J.: 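Mind looking over this structure? Questions follow.
Quick note: residue numbers are just sequence positions, from 1. Computed from a predicted structure; not experimentally measured.
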Amino acid sequence: MIYDPQVHSLKCPKCHHGMDELAVGDILIDRCSHCHGLWFDADEAHQLKSMPQSAQLDTGDAEVGVGWDSHAEVDCPRCGKAMEPASDAKQKHIWYERCPDHGMFMDAGEFRDFREETLLDWFKGVIKGDRATVCP
């Protein structure tokens with residue numbers, strides 16, 4: 001569904017553009033119409049991880065997504081509270097923001113990487129570094 005400000009009120013927590021709603025099965029997620037970051041309510045990212053049809057969600061450029069990692073102060077698009085910087089426990093190079101009450105936001109390319117766990121992820125984590133150390 002294409003973003004319509006009359007219908008969709010959710011704004012991207014990073015670039016503040018409108019977000020399009022996308023459905024995969026019964027799960028509805030939001031993708032930014034500008035930076036292509038993805039908002040996942042509750043545990044949707046983990047639910048979608050193993051669903052083959054979820055590959056179509058993350059269409060953004062991963063290189064552009066990495067550029068948004070430096071935006072440290074990000075507010076939850078649901079409640080407006082400051083989101084916590086986080087990284088995936090198994091894939092430490094995937095840095096995202098989370099609201100403990102509402103969900104998580106992944107920059108373009110991060111969900112695509114999150115879906116695929118390989119030995120290369122360990123090397124990527126070493127190269128990128130720990131989020132708490134690199135961007136405290």
J.: Would you say the side-chain atoms of Q91 pair up with the backbone N or O of E116, donor to acceptor, closer than 3.5 Å?
T.: yes
J.: Name all residues meeting the salt bridge (Lys or Arg N to Asp or Glu O under 4.0 Å) criterion together with R112; count only those two or more places apart in sequence or in a different chain, and write none if there are none.
T.: D58
J.: Could you work out, with ring pair (Phe, Tyr, Trp, His ring centres under 6.0 Å) as the rule, every residue matching H102, not counting sequence neighbours?
T.: none
J.: Not counting sequence neighbours, which residues clear side-chain hydrogen bond (donor to acceptor under 3.5 Å, both in side chains) with K81? List them please.
T.: none
J.: Is the side chain of K92 donor-acceptor paired with the backbone N or O of S87 at a distance under 3.5 Å, no angle test?
T.: no
J.: Between A23 and Q56, what is the shortest heavy-atom contact and its length?
T.: O-NE2, 4.3 Å
J.: Shortest non-hydrogen contact from M83 to C76?
T.: CG-N, 3.3 Å
J.: Taking CD in Q53 as the centre, count heavy atoms belonging to other residues, nucleotides or ligands within less than 6.0 Å. Is the count above 12?
T.: yes
J.: Taking the side chain as everything from C-beta on, heavy atoms only, tell me whether P77 gets closer than 4.5 Å to K11.
T.: no
J.: Tell me whether I29 shares a hydrophobic cluster with M51, the cluster being built from Ile, Leu, Val, Met, Phe, Trp, Tyr side chains joined at under 4.5 Å.
T.: yes
J.: Identify the two heavy atoms, one from V74 and one from K14, that lie closest to each other, and give their separation to 0.1 Å.
T.: CG2-CE, 3.7 Å
J.: So, using side-chain contact (heavy atoms from CB on, under 4.5 Å) as the criterion, who are the partners of R98 when residues are at least two apart?
T.: E84, A86, Y96, P100, M104
J.: Which distance, rounded to the nearest 0.5 Å, do you find between the CG of L28 and the CG of L22?
T.: 7.5 Å
J.: Between L10 and W68, is there a shared hydrophobic cluster once you connect ILVMFWY residues whose side-chain heavy atoms come closer than 4.5 Å?
T.: no
J.: Could you grab the distance from atom CZ of R115 to atom OG of S50, nearest 0.5 Å is fine?
T.: 8.5 Å
J.: Do you know which two heavy atoms are closest between C32 and M19, and how far apart they sit?
T.: N-CE, 3.6 Å
J.: Could you tell me the separation between the CZ atom of F105 and the SG atom of C99, rounded to the nearest 0.5 Å?
T.: 14.0 Å
J.: Closest heavy-atom contact between I94 and M106?
T.: CG2-CE, 4.4 Å
J.: Extract all donor-acceptor atom pairs below 3.5 Å that involve side chains of residues 35-44 and protein atoms in other chains or at least two apart in sequence.
T.:
unit_1	atom_1	unit_2	atom_2	d
W39	NE1	D41	OD1	2.7
D41	OD1	R78	NE	3.1
D41	OD1	R78	NH2	3.1
D41	OD2	R78	NH2	3.0
D43	OD1	H46	ND1	3.0
E44	OE1	D41	N	2.8

J.: Could you tell me which non-hydrogen atom of F111 sits nearest to which non-hydrogen atom of A45, and how far apart they are?
T.: CE1-O, 3.7 Å
J.: What do you reckon, is CD of E73 surrounded by more than 12 foreign heavy atoms closer than 6.0 Å?
T.: no
